[in-house]
Protein chains: 2
Amino acid sequence: MRKLLQKAGLRLTLPRRLVMKTLEEMRAPMTAQEIYHHISQVDLASVYRTLHLFCRLGLVYKESHGEETRFYVAYSPHHHITCRECGQTECVPCNHILKTIKGFSDIEHQFILTGLCQKCHH
Amino acid sequence: MRKLLQKAGLRLTLPRRLVMKTLEEMRAPMTAQEIYHHISQVDLASVYRTLHLFCRLGLVYKESHGEETRFYVAYSPHHHITCRECGQTECVPCNHILKTIKGFSDIEHQFILTGLCQKCHH
DNA sequence: GTCTTATTGCGAACAATTTGCAATAATGCT
DNA sequence: AGCATTATTGCAAATTGTTCGCAATAAGAC
């Protein structure tokens with residue numbers, strides 16, 4: 001990570017280290033605000049700036065879970081399924097569903113699943 | 001549509017007719033604001049209220065394309081692929097990819113694809 | 001046509017995210 | 001190590017997208 005930043009003339013700062021540390025520790029998709037509350041020592045604006053940077057560098061991925069935008073570090077290609085009731089999220093491994101779709105290149109995809117987990121299914 | 005509304009004690013009003021007409025004519029995912037600009041005779045708040053209602057009734061679907069939330073009328077189950085450069089959107093038919101995922105019920109999914117169309121791929 | 005009440009338009013309120021700018025701190029150089 | 005350069009931060013203000021309260025309006029039933 002330090003290398004990657006420095007190659008682009010960027011600096012490895014405390015906020016950047018803390019945001020990455022948080023995402024790696026939690027190993028779950030988090031909103032910018034959640035990350036901010038977890039750190040409580042870095043300004044919210046900086047959390048947003050850091051997340052944008054990380055996404056641009058491909059260090060972090062961003063997706064929408066219902067209403068909110070969540071960010072996460074991808075250890076391996078996978079998708080998430082979220083309980084619409086309690087928000088609990090699990091990973092669903094992805095087996096290279098897509099190779100090419102005619103007429104488009106450089107494809108990115110988000111496969112977002114929501115449902116009710118056993119606890120919430122009444 | 002009139003039937004469906006009346007069964008629930010709801011009325012078929014001008015805003016509702018216009019929002020649905022717009023979505024049906026455009027046959028593409030649109031943001032609330034786009035719909036609002038296309039109509040220009042209905043208040044933005046009413047467009048939002050109408051879209052929420054339609055989603056609740058299952059007449060309209062909602063998904064996130066990158067930063068924005070878009071709504072569309074589903075003529076048949078399908079997904080969308082959007083060019084990240086120019087925003088052009090096409091439909092990708094869906095062949096019931098998911099039946100059940102262990103531990104979750106009542107599953108809903110969004111398969112969001114973005115890429116570069118031929119015009120934008122340089 | 002009249003009555004009832006669901007619905008609208010308007011403006012204000014919110015929440016999430018972004019931006020401007022002076023102060024701060026990471027890196028490169030000596 | 002100390003200093004200079006400039007990327008980055010924190011703070012506050014601004015923006016954007018969406019929602020809400022409420023009096024005025026208009027669908028639908030009789």
inquiry  = Nearest heavy atom decides the nucleotide; on that basis, is T13(B) or R16(A) closer to the 5' end of DNA chain D?
reply    =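 Looking at the nearest nucleotide for each, R16(A) comes out on the 5' side.
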message = Between L10(B) and P15(A), which residue's closest nucleotide on DNA chain D lies nearer the 5′ terminus?
response =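 Taking each residue's closest nucleotide, the earlier one in sequence belongs to P15(A).
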Expressed in angstrom and rounded to an integer, what is the separation of [X] atom [atom1] from [N] atom [atom2]?
X: L51(B); N: dT7(C); atom1: CG; atom2: P; result: 15 Å
X: K7(A); N: dT27(C); atom1: NZ; atom2: C1'; result: 18 Å
X: R11(B); N: dT4(C); atom1: CZ; atom2: P; result: 12 Å
X: Y36(B); N: dT16(D); atom1: OH; atom2: P; result: 15 Å
X: Q41(A); N: dC11(D); atom1: CD; atom2: P; result: 12 Å
X: L57(A); N: dT8(D); atom1: CG; atom2: P; result: 10 Å
X: L18(B); N: dT7(C); atom1: CG; atom2: P; result: 16 Å
X: E34(B); N: dT16(D); atom1: CD; atom2: P; result: 16 Å

Phosphate OP1/OP2 of dT18(D) contacted by H52(B) side-chain N/O (<4.0 Å) =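 No, outside the criterion.
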request  = Take E34(B) and M26(B) through the side chain to side chain contact (heavy atoms under 4.5 Å, CB included) test and state the conclusion after the steps.
outcome  = CA-CA 11 Å; E34(B) 281 169 353; M26(B) 305 304 272; over 6 Å; no
ask   = Rounded to the nearest 0.5 Å, how far apart are CE of M20(A) and CD of E25(A)?
value =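 Atom-to-atom, M20(A):CE and E25(A):CD are 12.0 Å apart.
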task = Verify, without hydrogens or angle tests, whether R16(B) (side chain) and T50(B) (backbone) share a donor-acceptor contact under 3.5 angstrom.
result =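 No; judged by distance alone, with no hydrogens or angles, the pair does not exist.
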task = Find which nucleotide of DNA chain C each of D43(A) and L14(A) is nearest to by heavy atoms, and output the residue with the more 5' nucleotide.
result =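 So the residue in question is D43(A).
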ask   = dT8(C) base to R49(B) side chain: any donor-acceptor pair below 3.5 Å?
value =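 For R49(B), whose side chain was compared with the base of dT8(C), there is no donor-acceptor pair (under 3.5 Å).
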key: Test side chain to side chain contact (heavy atoms under 4.5 Å, CB included) applied to L5(B) and L59(B), T13(B), L57(B), the passing residue   =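 Going through the options one by one, the only one that passes is L57(B).
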